[in-house]
Amino acid sequence: MTFDPATRHQPCRDADEAIRSRQSIRAFLPDKAVSRATVEEILAVAARAPSGTNIQPWKVHVLAGDRKAELTRRILAAFDDPEEAKQHTREYAYYPEKWISPYVDRRRKIGWDMYGLLGIGKGDFAKTHAQHARNYMFFDAPVGMMITMDRVMERGSLIDCGMFLQSLMVAARARGLDTCPQAAFLEFHRIIAEVVGIPGNEMIVCGMSLGYADPAAKINTLVTEREPVAGFATFQGF
């Protein structure tokens with residue numbers, strides 16, 4: 001499903017449309033606010049996501065206004081300082097140390113497609129850095145979220161959090177809103193914990209931007225390819 005500026009902010013007709021139209025949006029309308037009531041409604045729907053023995057391991061820290069701006073300022077100060085940036089590492093390995101096909105091929109393609117749309121050439125480190133920095137601005141979305149879980153939980157709870165995140169993103173699309181889940185925040189977990197007030201027993205799973213997609217932004221026309229069912233599923237006994 002392609003990005004349609006004319007209908008993007010309208011509620012979706014059904015669950016299939018909400019799922020198929022979900023994209024990782026990287027340019028939002030900063031002045032089109034999302035109310036706290038709407039965010040709470042979306043989170044209440046997402047809370048119906050399944051989890052092992054109903055443990056519901058997810059926690060969500062929602063930011064807007066000055067609090068979101070302060071977090072952006074603090075992270076960018078570290079990100080733009082090469083020596084400071086070296087002091088920040090991720091709490092857990094989101095990506096593999098050794099890439100293999102087809103995963104590395106898909107990763108490279110989205111990079112080429114995205115930077116091609118933005119006119120960023122290979123080796124243009126200044127523009128690449130500036131685009132990566134947009135993550136920490138929540139791509140201008142009016143609402144930012146930090147999703148965490150208790151450190152005592154095991155990897156199964158990351159699966160539970162993934163189902164919660166998907167439910168959250170689909171519930172947002174159903175209301176004409178968009179999101180972008182962001183692993184980029186993981187490197188700056190210490191700054192986030194300090195600014196947001198996340199207790200030491202909680203680990204950041206990812207960040208997320210929430211708002212209304214900018215219909216004029218070229219980057220939002222990027223629609224990633226998906227493997228057909230025959231490429232990832234096998235059927236037996238039918």
Side-chain angles (χ1 to χ4, degrees), residues 1-3 19-20 22-27 57-58 75-76 78-139 145-149 151 153-166 168-170 178-192 203-209 218-235:
M1 183 175 290
T2 59
F3 184 89
I19 294 170
R20 287 176 174 154
R22 188 214 63 80
Q23 296 171 229
S24 291
I25 292 299
R26 294 180 174 86
W58 50 78
I75 293 179
L76 285 180
F79 179 70
D80 289 335
D81 184 333
E83 292 305 313
E84 171 69 15
K86 291 178 184 178
Q87 307 303 314
H88 296 274
T89 57
R90 298 186 175 192
E91 284 199 277
Y92 71 94
Y94 186 90
Y95 296 109
E97 290 187 14
K98 182 179 180 181
W99 286 93
I100 61 173
S101 291
Y103 315 113
V104 67
D105 307 307
R106 294 169 183 163
R107 178 181 172 87
R108 286 171 178 162
K109 187 178 188 311
I110 189 176
W112 291 331
D113 290 349
M114 182 173 70
Y115 288 125
L117 276 174
L118 295 171
I120 300 175
K122 186 177 181 180
D124 193 335
F125 299 113
K127 288 185 178 179
T128 299
H129 181 88
Q131 178 58 32
H132 191 68
R134 298 267 303 143
N135 276 280
Y136 308 123
M137 303 173 195
F138 294 93
F139 298 113
M145 300 182 186
M146 291 296 153
I147 292 83
T148 69
M149 72 178 198
R151 294 178 187 278
M153 309 309 289
E154 293 290 349
R155 285 181 291 180
S157 289
L158 287 171
I159 297 174
D160 297 338
C161 286
M163 291 187 282
F164 171 80
L165 288 165
Q166 174 71 355
L168 190 165
M169 291 184 283
V170 172
D178 274 291
T179 56
C180 185
Q182 296 160 261
F185 282 105
L186 297 177
E187 292 182 54
F188 297 100
H189 60 91
R190 288 187 285 112
I191 292 176
I192 295 168
M203 179 184 80
I204 296 172
V205 176
C206 73
M208 182 174 289
S209 299
K218 185 178 291 187
I219 187 62
N220 288 340
T221 65
L222 175 63
V223 179
T224 53
E225 297 176 359
R226 287 296 187 270
E227 189 77 6
V229 172
F232 63 81
T234 63
F235 298 87

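All values derive from a computational prediction rather than experimental measurement. No hydrogens, no waters, no symmetry mates; every other heavy atom, side chains included, goes into these values.
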Is any side-chain heavy atom of [X] closer than 4.5 Å to a side-chain heavy atom of [Y]?
| X | Y | answer |
| --- | --- | --- |
| M203 | L158 | yes |
| I110 | R106 | no |
| F185 | M208 | no |
| P181 | L165 | no |
| H132 | F79 | yes |
| M114 | I120 | no |
| I25 | F139 | no |
| Q23 | V223 | yes |

Under 3.5 Å donor-acceptor, [X] side chain and [Y] backbone:
| X | Y | value |
| --- | --- | --- |
| N220 | A27 | yes |
| Q182 | N135 | yes |
| Y94 | A184 | no |
| Y92 | V205 | yes |

Could you grab the distance from atom [atom1] of [X] to atom [atom2] of [Y], nearest 0.5 Å is fine?
| X | Y | atom1 | atom2 | answer |
| --- | --- | --- | --- | --- |
| I19 | M169 | CD1 | CE | 10.5 Å |
| I219 | S24 | CD1 | OG | 10.5 Å |
| I75 | E84 | CD1 | CD | 11.5 Å |
| R151 | I204 | CZ | CD1 | 8.5 Å |
| T179 | Q166 | OG1 | CD | 9.0 Å |
| M146 | L186 | CE | CG | 9.0 Å |

Flag if over 12 foreign heavy atoms under 6.0 Å of [atom1], [X]:
| X | atom1 | result |
| --- | --- | --- |
| R108 | CZ | no |
| F232 | CZ | yes |
| E225 | CD | no |
| I159 | CD1 | no |
| R20 | CZ | no |

### salt bridge (Lys or Arg N to Asp or Glu O under 4.0 Å) against K86, all qualifying residues, sequence neighbours excluded
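With neighbours one apart ignored, the set is E83.
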### Task
Evaluate the criterion side chain to side chain contact (heavy atoms under 4.5 Å, CB included) for residue pair Y136 and D80; output intermediate values, then yes/no.
CA-CA 11 Å; Y136 308 123; D80 289 335; over 6 Å; no
### Query
Between the side chains of R226 and T224, is a donor N or O closer than 3.5 angstrom to an acceptor N or O?
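Looking only at side-chain atoms, T224 and R226 do form a donor-acceptor pair, the distance falling under 3.5 Å.
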#### Entry: Stepwise side chain to side chain contact (heavy atoms under 4.5 Å, CB included) check, D160 with M153
CA-CA 11 Å; D160 297 338; M153 309 309 289; over 6 Å; no
### Query
Would you call the rings of F188 and H88 parallel, tilted or perpendicular if under 30° counts as parallel and over 60° as perpendicular?
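Rings of F188 and H88: tilted, 30 to 60°.
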#### Entry: Non-hydrogen atoms of T221 and K218 that approach each other most closely
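In this case the closest contact between T221 and K218 is OG1-O, 2.6 Å.
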